[in-house]
2 protein chains.
Amino acid sequence: MSDDRLSRVFSALADPTRRDIVARLAAGDATVGELAEPYDVTVQAVSKHIRILEDAGLVSRSRDAQRRPCHLRAEVFDLMTKWIERYRREAEDRFRRLDAVLEQLDEPPVPGTGTGTPTEEAAS
Amino acid sequence: MSDDRLSRVFSALADPTRRDIVARLAAGDATVGELAEPYDVTVQAVSKHIRILEDAGLVSRSRDAQRRPCHLRAEVFDLMTKWIERYRREAEDRFRRLDAVLEQLDEPPVPGTGTGTPTEEAAS
DNA sequence: GCGTTACACAACCAAACGGTTGACTACACC
DNA sequence: GGTGTAGTCAACCGTTTGGTTGTGTAACGC
């Protein structure tokens, strides 16, 4: 894993336990102990997971006596959504263009329309 | 990493080289050799990366003689977008509700309105 | 002050990851 | 059939990951 922001975010969400933690934090803030309760791993392991989410910028922790309430920072999702949408759109546009070309190829060239676009050129 | 679909997709995109490959495939199909060319790693390493993208359902490979052209399957992005949007929306809704509560707290209780919501109750 | 609670830090371990080299398969071209 | 090209498979290696246990520490309740 590289240490750039996007890599950290994707990598953080690649683990189902961490995705579950994010899902639960979306419903409301929670302490480390509360978050650890449903899983049959140690609190330390969950603490590590939270640290990774924190490093990725997905979670922030505050202080309340000896408790460390965790809070979801949903803004970071934008980073992913932007990346995903960019390439999805690009790929879909390309797909549409390809479709158009295939349609062009399907239609026999109409003589005398003066488009100057013979089939061979479209296929190149 | 678990082997469920979403984990595989996030995990596949956690690597910058693989994200780059996806970005390039968004611009058009390419062979393994073409994809490997810009990086200073072996073709085998890139072949492995493509395999991981394929396992995640992000890429499909066809056959053209001894070449194996790679094609981006942008549909899988939906899986991620849905997951992300769901919890983003949940978190934002919660944030809005919290905002409303804080506004309630800011406003001094108007006597005689009959709302029956003293400040202490809202703070509990 | 003393025990308890809620966590973090450090060291360790097995498994997975990203990379390598070397050998192999599949096809095209002469 | 022999050679070159495109790519995969297999074994290996160092590093990272997700987990453990054990210890340390800050704050509360008595």
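Chain letters run A, B, ... following the sequence lines, proteins first and then strands; every chain starts at 1. The figures here come from the full heavy-atom set of this structure, side chains too, leaving out hydrogens, waters and symmetry mates.
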Practice item. Mind listing the residues from residues 53-61 of chain A sitting with a heavy atom below 4.0 Å of DNA chain D? Number order is fine. Key: none
Revision key, fill the gap. note: A/Asp15, atom CG; C/dC17, atom P; distance rounded to Å ~ 12 Å
Review point. Side-chain donor-acceptor pair under 3.5 Å between A/Ser7 and B/Arg19, yes or no?
Key: yes
Check your understanding: To the nearest Å, how far apart are A/Glu37 CD and C/dC7 P?
Key -> 13 Å
Exercise for review: Could you tell me whether the phosphate oxygens of D/dT8, OP1 or OP2, come under 4.0 Å of any side-chain nitrogen or oxygen in B/Ser47?
Suggested key: yes
Check your understanding: Does anything in residues 23-52 of chain B pair up under salt bridge (charged side-chain N to carboxylate O under 4.0 Å, His left out), and if so which pairs, sequence neighbours excluded?
Key -> A/Arg94-B/Asp29, B/Arg51-B/Asp55
Check your understanding: Would a 4.5 Å heavy-atom cut-off, applied to side chains only, mark A/Arg61 and A/His71 as touching?
Key -> no
Practice item. Would you mind reading off the distance between A/Ile52 atom CD1 and C/dC9 atom P, rounded to a whole angstrom? Key: 13 Å
Check your understanding: Whole Å only: how far is the CZ atom of B/Phe10 from the C1' atom of D/dT17?
Key -> 19 Å
Point to revise | Nearest-Å distance for atom pair CD/P, residues A/Glu34 and C/dT5 | key: 16 Å
Study note, to complete from the structure: For B/Arg63, the salt bridge (Lys or Arg N to Asp or Glu O under 4.0 Å) test, sequence neighbours excluded, returns none
**Study point:** Contacts of A/Phe77 that satisfy ring-ring contact (aromatic ring centres under 6.0 Å, His included) - sequence neighbours left out
**Key:** none
Point to revise | A/Arg68 CZ - C/dT5 C1' separation (whole Å) | key: 15 Å
Revision key, fill the gap. Whole-Å distance, A/Leu35 CG to C/dA6 P, equals 13 Å
Review point. Tell me, which pairs form a ring-ring contact (aromatic ring centres under 6.0 Å, His included) where one or both residues lie in residues 24-53 of chain A, sequence neighbours left out?
Key: none
Exercise for review: Identify whether any heavy atom of A/Thr31 sits under 4.0 Å from a base atom; if not, whether one sits that close to sugar-phosphate; answer base, sugar-phosphate or nothing.
Suggested key: sugar-phosphate
Practice item. Quick one: list whatever passes side-chain contact (heavy atoms from CB on, under 4.5 Å) with B/Arg86, sequence neighbours left out. Key: B/Glu90
**Study point:** Nearest-angstrom distance from the residue atom CZ of B/Arg51 to C1' of D/dC9
**Key:** 10 Å
Check your understanding: In the 5'-to-3' direction, what one-character label does each nucleotide of nucleotides 20-30 of chain D receive under the scheme B = base within less than 4.0 Å of a protein heavy atom, S = sugar-phosphate only, - = no such atom?
Key -> BBB----BS--
Review point. For B/His49 and C/dC17, is the shortest distance between a side-chain N/O and OP1 or OP2 below 4.0 Å?
Key: no
Review point. Who passes salt bridge (Lys or Arg N to Asp or Glu O under 4.0 Å) against A/Arg89, sequence neighbours left out?
Key: none
Check your understanding: What residues form a salt bridge (Lys or Arg N to Asp or Glu O under 4.0 Å) with B/Glu92, not counting sequence neighbours?
Key -> none
